[in-house]
Amino acid sequence: MSDSGGGVSQVGGVEGGGGSMSYLREDPWVVPLLAASCTNVAAIVAFEVYVVIRSLRGNPSRRHLFLGQCLLMGLLLCSLSGIPITLEPSQLTCAITRLLVGVSCALIFATLLVKCVFLISLNAGVYLPAHYQGLLLFFIV
């Protein structure tokens with residue numbers, strides 16, 4: 001009986017604590033996914049800074065800025081969803097992954113749908129106000 005208990009604790013000690021306290025998985029796809037995700041996040045944040053600076057300098061149409069910002073937010077969340085995938089599985093990382101992937105995809109496709117409805121309504125001669133677009137986006141998500 002003591003051999004069985006000792007073997008289990010040794011295996012648990014070797015697998016559980018080893019020598020490194022790494023929070024990342026040890027699969028070969030982790031580093032490329034983390035690099036691509038961080039690169040996308042940096043590019044989206046840089047573009048967002050450019051859009052904000054450009055909108056503050058000039059006199060843009062504010063009514064068309066909302067859906068673009070929502071689309072950028074969805075793309076940012078989608079890029080951020082790659083980070084918890086690279087972490088060791090736990091209840092928290094699984095919950096974050098499920099939440100980010102679902103919300104980001106819903107936000108991206110809802111924004112594209114609202115933009116499409118807006119363009120179709122413009123073609124028909126009807127202008128949809130910004131608050132209507134926001135409500136439509138909210139209920140689609």
Side-chain angles (χ1 to χ4, degrees), residues 2-141:
S2 63
D3 288 336
S4 175
V8 169
S9 65
Q10 276 184 334
V11 170
V14 170
E15 286 180 359
S20 66
M21 293 294 292
S22 176
Y23 294 108
L24 295 176
R25 295 181 189 218
E26 294 186 14
D27 296 324
W29 51 266
V30 169
V31 174
L33 177 64
L34 198 58
S37 181
C38 291
T39 304
N40 281 343
V41 167
I44 291 171
V45 167
F47 184 68
E48 177 66 27
V49 168
Y50 170 75
V51 168
V52 168
I53 289 173
R54 180 81 180 210
S55 69
L56 291 176
R57 282 188 185 169
N59 191 6
S61 175
R62 301 257 188 250
R63 58 184 176 226
H64 299 295
L65 197 59
F66 172 70
L67 288 177
Q69 294 298 311
C70 288
L71 186 59
L72 272 176
M73 176 61 84
L75 291 172
L76 180 68
L77 289 175
C78 198
S79 293
L80 284 173
S81 67
I83 294 173
I85 292 173
T86 61
L87 300 175
E88 284 292 329
S90 69
Q91 288 184 351
L92 180 65
T93 58
C94 287
I96 290 172
T97 300
R98 287 182 180 200
L99 182 71
L100 278 178
V101 169
V103 169
S104 64
C105 289
L107 188 59
I108 289 170
F109 289 115
T111 305
L112 291 175
L113 181 63
V114 172
K115 279 184 170 273
C116 188
V117 167
F118 175 72
L119 291 175
I120 289 172
S121 69
L122 275 182
N123 194 24
V126 178
Y127 178 75
L128 297 178
H131 64 278
Y132 182 78
Q133 294 174 25
L135 282 174
L136 188 60
L137 180 68
F138 175 76
F139 285 118
I140 290 174
V141 171

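Please read all numbers here as calculations on a predicted model, not as lab measurements. Just so you know, residue 1 is the first one in the sequence shown, and it goes up from there.
Taken from CG in L67 to SG in C116, the straight-line distance is 12.0 Å, to the nearest 0.5 Å. To the nearest 0.5 Å, atom CD1 of residue I85 and atom CG of residue L24 are 13.0 Å apart.
When each of L107, L135, L113, V117 is paired with I140, the side-chain contact (heavy atoms from CB on, under 4.5 Å) condition holds for L113 and for no other.
Contact annotation: the side chain of L76 never approaches that of L72 to less than 4.5 Å [non-hydrogen atoms, C-beta and beyond].
Judged as a ring-ring contact (aromatic ring centres under 6.0 Å, His included), not a single pair has a partner in residues 84-112 (not counting sequence neighbours). Note on residues 66-91: pairs passing side chain to side chain donor-acceptor pair (under 3.5 Å), not counting sequence neighbours, are S90-T93.
With sequence neighbours excluded, the residues satisfying side chain to side chain contact (heavy atoms under 4.5 Å, CB included) with D27 are R25, W29, V30. Judged as a side chain to side chain contact (heavy atoms under 4.5 Å, CB included), and not counting sequence neighbours, the contacts of Y50 are F47, R54. Here P129 pairs with H131, Y132 under the side chain to side chain contact (heavy atoms under 4.5 Å, CB included) rule; sequence neighbours left out. Looking at residues two or more places apart in sequence or on another chain, you find a side chain to side chain contact (heavy atoms under 4.5 Å, CB included) between I108 and L71, L75, C78, L112.
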Intermediate values then yes/no, side-chain contact (heavy atoms from CB on, under 4.5 Å), L80 and I83: CA-CA 6 Å; L80 284 173; I83 294 173; 4.0 Å; yes

L137 vs F66, side-chain contact (heavy atoms from CB on, under 4.5 Å): CA-CA, chis, key distance, verdict: CA-CA 11 Å; L137 180 68; F66 172 70; 4.0 Å; yes

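With Q133 contributing its side chain and L128 its backbone, the two residues share a donor-acceptor pair below 3.5 Å.
Closest approach of V101 and S104 over heavy atoms only: O-OG, 3.2 Å.
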